[in-house]
A.B. asks: 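Sharing a structure, written as structure tokens. Questions coming.
Letters A, B, ... are given to chains in the order of the sequence lines, protein chains preceding strands, and every chain is numbered from 1.
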Amino acid sequence: MTEPMLKITNLHAKAEDAEILRGLNLEVNAGEVHAIMGPNGSGKSTLAHILAGRDDYEVTEGSVTYKGQDLLEMEPEERAHEGVFLAFQYPVEIPGVNNIYLLKSAVNAKRKHQGLGEIDSVDFLTDVKQKMKLMGMDESFLKRSVNEGFSGGEKKRNEVFQMMVLEPGLCVMDETDSGLDIDALKIVAQGVEQMRSPDRAIVLVTHYQRLLDHIQPDRVHVLARGQVLKSGDKQLAHELEEHGYDWIRYEEAESA
Amino acid sequence: MKAVDETATRMLDRLQGERPGDASDWIAGLRRDAVARFAEMGLPNQRIEDWKYTSTKAIAKRDFARPDAAGATADANRIEALRVPDLDAHRLVFINGHYAAALSDGEMTDDAVRVRNLAQVLAEDPDALKDRLADAAPADFSGFTALNTAFAEDGAVIEIAADRRVERPIELLFVSTLRDEAIAAHPRILIDAAHHGEATIIEHYVGMDDPQNLTNAVTEVHLAEGARVAHYRVQRESRKGFHIGSVHVNQAANSRLEQHNVQIGAALCRTDINTALNAEGAETLYNGLYLVNGRQHVDTHTRINHNQPNTTSEEAYRGILDGYARGVFNGRVYVAPHAQKTAAYQSNDNLLLSGKAEIDTKPELEIYADDVVCTHGATVGQLDTRALFYLRSRGVDHETARGLLLYAFAEAAIERMGVEPLRNWLQGFVIEELPHADRLQEFV
Amino acid sequence: MAANVEEFVTQRYKQGFITDIETDTVPPGLNEDVIRLISHKKGEPEFMLDWRLKAYRHWLTMTEPNWAHVHYPPIDFQDISYYSAPKSREQQNAEAPQSLDEVDPKLLETYEKLGIPLHEQEKLAGVAVDAVFDSVSVTTTFKDKLAEAGVIFCSMSEALQEHPELVEQYIGSVVPYTDNFYAGLNSAVFTDGSFVYVPEGVTCPMELSTYFRINEAKTGQFERTLIIAEKGSYVSYLEGCTAPQRDENQLHAAVVELIAHEDATIKYSTVQNWYPGDEEGKGGIYNFVTKRGEARGDRSKVTWTQVETGSAITMKYPGCVLTGNDSVGEFYSVAVTSNYQQADTGTKMVHVGRNTRSTVVAKGISAMQGEQSYRGLVKILPSATGARNYTQCDSMLIGDQCGAHTFPYIEVKEPGAVVEHEASTSKVSDEQLFYCRQRGISEEDAVNLIVNGFCKDVFRELPMEFAVEAQALLGVTLEGAVG
């Protein structure tokens with residue numbers, strides 16, 4: 001049995017003295033798509049941000065390894081170079097910096113880390129334009145400032161588009177479905193399906209199962225009060241949708 | 001005493017005399033110091049940056065007498081007509097700076113508020129003013145403040161109790177009347193809100209029979225933690241008169257001030273509105289409207305000092321200037337070092353209706369902390385052309401459409417005011433001031 | 001984050017070296033004899049000396065300005081040397097070198113080191129350079145080629161010899177010596193500078209550039225630049241400045257006058273990188289210059305673009321007087337203050353003619369203990385019917401020790417005028433930095449990226465050669481080279 005791509009063991013974390021994660025365990029293998037579901041405040045977004053290296057959270061206990069490396073020891077950009085990608089729930093606006101420039105800087109930073117030279121501009125543009133088409137995005141968008149004046153849907157599409165260009169090993173998608181209409185949801189789901197590959201793991205963080213109607217997860221985990229309470233196959237998501245999160249809590253109380 | 005110039009000497013001479021409170025050592029001392037300060041400073045001149053656009057020469061060349069308390073009478077019906085219609089308020093009336101008991105609702109004391117006239121407090125209970133008089137408003141703020149501190153003899157003292165809301169607004173009506181000679185009044189108002197006390201106070205300045213008087217008012221406001229005060233200043237002095245006013249506010253944690261400043265009258269009007277946000281959670285709203293024409297000159301200087309983190313201010317001033325009128329707006333927002341998470345928004349919008357009108361506007365930001373969101377903007381001269389076109393395409397003639405948009409421009413300031421009768425009255429007032437008032441009436 | 005940001009804003013001053021060259025420097029001090037000496041050394045026509053003396057006598061009646069938001073100890077004007085020239089030049093009797101062979105190799109080396117090659121074969125593509133070293137112009141390149149087009153580009157000294165009638169007609173016509181204290185001083189003691197004359201209908205075939213270098217200790221630099229664009233002509237002019245690292249402060253009080261006649265356009269760009277002083281705020285240049293362009297003719301246009309990263313203290317308000325009907329004034333500025341730098345800078349737009357338009361875009365970046373103020377005047381006179389102004393000034397703060405202030409003066413006397421002013425203050429947010437880092441971009445590059453984005457509206461107004469230099473100065477990679 002090979003080492004899982006992502007292995008989280010007994011993870012405890014807090015933000016401003018409030019403990020948010022309380023002994024979370026999770027293993028994700030390459031080639032798999034996992035969904036992490038849970039009610040508001042269960043720690044889903046915290047987990048996503050800790051994986052990307054946001055320093056607003058303090059890890060007090062436990063470990064996270066990615067491809068066997070200690071992820072928690074790495075700077076955010078190192079994680080990115082190694083292939084960790086976070087699709088943000090609220091992508092920030094950066095006035096005056098255009099999308100294509102940010103993307104090219106990101107691609108070249110990763111290539112430099114891999115000991116490669118800068119990417120050929122023509123190859124890069126060809127690749128970028130093809131992927132934009134897949135995401136149903138207009139080329140004019142490349143010249144627009146990063147996320148500035150984007151609608152909610154455009155921002156989310158942009159996140160998935162960046163993910164396709166950067167070709168990460170681990171994709172963490174934080175509530176990428178929120179704020180999307182049905183059509184946009186389908187496009188985003190297509191993009192994610194496109195990314196499914198034997199050497200890539202995808203973690204979908206979501207509150208609702210509607211994204212899972214379009215992306216078939218291999219495993220579903222339910223998070224509550226900073227722990228994985230229940231894991232199962234995609235059937236679990238349907239049960240959740242049917243019974244609501246209270247159902248899990250009830251079940252938990254029963255077994256306690 | 002040697003004064004800085006002949007004007008200062010003359011003014012000091014003219015205003016001499018006994019005043020209530022002279023018996024109190026500390027008040028007499030305060031007045032002596034203020035006289036000395038005024039002797040040094042004199043009236044502000046245009047070499048001072050804050051007075052760059054406003055000349056006080058018209059005031060300097062006049063010879064203002066000190067009004068006597070005996071003259072504080074007026075016809076009750078005429079006074080009634082000056083009031084804000086339909087406003088149910090507790091009212092104190094002052095004629096030429098002196099409290100007119102017969103025309104007023106009198107002293108008010110209940111569990112929420114105590115309202116007294118200043119002369120009475122100065123005479124009977126001067127120590128009650130200790131640490132409060134000339135605290136928020138330093139005597140040397142300007143020559144005018146020094147003058148007021150030296151010669152103020154009446155006005156109002158309003159004390160709001162902790163955890164109480166004063167249900168009826170308090171209206172202070174200052175009437176300036178025509179006398180044999182021009183007179184100068186120096187009203188002083190103290191507003192003190194204990195923690196979580198709430199009140200609405202309206203200072204209302206009106207001229208009767210076109211006097212050429214000077215009103216030089218100073219208001220000091222202390223807001224303790226959580227206090228909420230809405231303070232209105234409505235200035236409708238005589239078109240021949242002079243109005244100088246300043247409001248100085250100190251705010252404690254989580255307190256909220258609303259300051260509404262309406263300037264319509266006077267040949268020359270200058271107001272200074274200053275607020276210090278001295279603790280976290282304090283917030284301030286400044287809302288101003290000036291509406292002038294003829295040869296009127298209106299100058300507003302505002303200052304908001306964000307002295308502590310997590311304080312918020314919002315300021316919006318609007319002006320419409322016609323004829324040969326001149327407007328001056330200077331709004332300064334200061335953010336102290338370490339006053340992080342300050343949010344400050346400021347705007348000043350102006351419309352010039354005539355080729356002879358002028359506006360000088362200077363919105364300033366002075367920022368010493370990095371984690372802040374501060375914006376300001378100033379505009380001159382825009383009516384929304386799309387809105388104009390829309391109205392005309394609906395059959396409204398050009399002039400009326402323009403009048404409607406002017407009204408809408410002023411209404412943006414009026415609608416922020418919480419006191420409904422005041423709002424209604426101002427709306428009517430604005431329409432009358434605008435060109436083609438008759439046609440506008442049908443639409444609004 | 002702090003460490004990286006610090007690195008970004010405190011890149012070592014690379015132009016701080018001193019050229020060891022023999023100079024002819026007059027002793028410190030200022031009086032009428034010094035002015036006569038300067039004028040004599042330069043062999044000036046009589047009118048120039050008369051004008052200088054009138055300026056000096058008027059200057060004696062003026063007081064130093066103290067309204068700016070900057071603090072510095074009083075300047076001793078008697079402790080400054082008002083003339084310094086490389087010796088080799090002096091021996092040639094104030095005649096400009098006829099070819100580069102006559103220029104002291106040490107001077108050529110200096111400009112090479114600064115990245116300004118004066119040999120035409122190594123020329124900056126399509127840019128003619130006038131190099132000013134301390135008080136005098138060292139050489140001007142591409143003169144012949146410019147002469148073919150009828151363009152006069154030479155040092156002010158040369159212009160006084162060759163074209164005295166043009167100098168006499170225009171000097172002081174936009175910035176009179178009575179204008180302000182430092183303009184008065186400059187009028188009395190100015191030593192050299194650039195002179196440009198573009199004849200009617202001519203589009204100047206290349207960018208013109210002056211490179212100013214202060215070298216000698218205890219000297220002030222007082223150059224005077226005059227650019228005249230005749231009817232229907234076009235010229236783009238670039239100015240760069242550096243100085244050695246010295247512990248004492250040095251005064252730079254230049255005057256620049258631009259005159260654009262009917263349908264003419266003058267584009268004036270500056271990359272100012274005078275020595276800013278060290279990390280403790282010791283030393284550095286006081287940059288107190290007066291720059292003003294008059295859009296004199298109908299439909300004429302004056303554009304100022306500046307990137308200001310240097311100087312210990314800056315007081316500078318390049319302005320436009322829009323006299324011609326339908327004339328246009330523009331001001332685009334990026335100013336950076338870090339360490340103990342102080343800048344009080346902005347622009348003056350004075351609308352006189354009908355339908356005049358002006359645009360102001362000012363971007364201020366303050367870091368460390370830097371203090372920066374935007375001070376701008378927009379004045380619409382009653383004659384300027386239909387005038388328009390749009391002003392946007394944004395401040396970015398890096399660190400919590402710095403300050404950013406905005407003092408715009410807006411004076412409108414015309415009801416048909418539309419004036420809009422917008423200002424904002426913000427910081428490089430942690431969210432923005434994290435977003436970039438999550439995409440694999442290092443923190444330092446992320447700061448550069450964000451700052452560059454903030455300044456973009458101004459950089460794109462710079463001629464290409466200068467845009468590169470400007471962005472390099474800010475430690476940013478060129479955006480827009482991609483795609």
A.B. asks: Quick check on Lys348(C): does its NZ atom have over 12 non-hydrogen neighbours (other residues, nucleotides or ligands) under 6.0 Å away?
C.D. replies: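 At most 12 heavy atoms, drawn from other residues, nucleotides or ligands, come within 6.0 Å of this atom.
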A.B. asks: Heavy-atom distances under 4.5 Å only: say whether Glu371(C) touches chain B with side chain, backbone, both or neither.
C.D. replies: side chain
A.B. asks: Would you check if Leu397(C) and Ile367(B) make a side-chain contact, meaning some heavy-atom pair closer than 4.5 Å?
C.D. replies: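 Side chain of Leu397(C) against side chain of Ile367(B), heavy atoms only: contact under 4.5 Å found.
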A.B. asks: Would you say that more than 12 heavy atoms from the other residues, nucleotides or ligands in this model lie under 6.0 Å from the CZ of Arg354(C), or not?
C.D. replies: no
A.B. asks: Pick one of side chain, backbone, both or neither for Tyr53(B), based on which atoms fall under 4.5 Å of a heavy atom in chain C.
C.D. replies: side chain
A.B. asks: Atom OG in Ser354(B), atom CD in Glu414(C): separation rounded to 0.5 Å?
C.D. replies: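 With rounding to 0.5 Å, OG (Ser354(B)) is 10.0 Å from CD (Glu414(C)).
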A.B. asks: Is it true that, when you exclude Tyr324(B) itself, more than 12 heavy atoms of the residues, nucleotides or ligands shown sit nearer than 6.0 Å to its OH?
C.D. replies: no
A.B. asks: Checking Ala369(B) against chain C: side chain, backbone, both or neither under 4.5 Å from a heavy atom?
C.D. replies: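 It is the backbone, since no side chain atom gets that close.
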A.B. asks: Can you say whether Pro363(B) sits under 4.5 Å from chain C via the side chain, the backbone, both, or neither, judging by heavy atoms?
C.D. replies: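 Both backbone and side chain.
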A.B. asks: Contact between Ser424(C) and His376(B) at the side-chain level, heavy atoms closer than 4.5 Å - yes or no?
C.D. replies: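 Side-chain contact under 4.5 Å: no.
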A.B. asks: Which atoms of Val373(B) are under 4.5 Å from chain C, going by heavy atoms: the side chain, the backbone, both sets, or neither?
C.D. replies: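 The answer is the backbone of Val373(B).
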A.B. asks: Could you grab the distance from atom NZ of Lys362(B) to atom OG1 of Thr406(C), nearest 0.5 Å is fine?
C.D. replies: 11.5 Å
A.B. asks: Heavy-atom distances under 4.5 Å only: say whether Gln346(B) touches chain C with side chain, backbone, both or neither.
C.D. replies: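 The answer is neither part of Gln346(B).
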A.B. asks: Which value, rounded to the nearest 0.5 Å, describes the distance between Arg332(B) atom CZ and Phe407(C) atom CZ?
C.D. replies: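 One gets 5.0 Å once the value is rounded to the nearest 0.5 Å.
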A.B. asks: Please report the interatomic distance OG1(Thr379(B)) to CD(Glu420(C)), rounded to the nearest 0.5 Å.
C.D. replies: 7.0 Å
A.B. asks: Roughly how far, to the nearest 0.5 Å, is the CD atom of Glu358(B) from the NZ atom of Lys413(C)?
C.D. replies: 3.0 Å
A.B. asks: Identify the two heavy atoms, one from Val418(C) and one from Gly381(B), that lie closest to each other, and give their separation to 0.1 Å.
C.D. replies: CG2-O, 3.7 Å
A.B. asks: Does atom CZ of Arg357(C) have more than 12 heavy-atom neighbours from other groups under 6.0 Å away?
C.D. replies: no
A.B. asks: Give a yes-or-no answer on whether the side chains of Gln401(C) and Tyr368(B) include a donor-acceptor pair shorter than 3.5 Å.
C.D. replies: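 Judged by distance alone, the side chains do not pair up.
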A.B. asks: CD of Glu411(C) to CZ of Arg326(B): how many Å apart, nearest 0.5 Å?
C.D. replies: 7.5 Å
A.B. asks: Does the side chain of Thr425(C) come within less than 4.5 Å of Leu365(B)'s, by heavy atoms?
C.D. replies: yes
A.B. asks: Sort out for me which residue in Leu321(B), Asn350(B), Ile359(B) forms a side-chain contact (heavy atoms from CB on, under 4.5 Å) with Val412(C).
C.D. replies: Ile359(B)
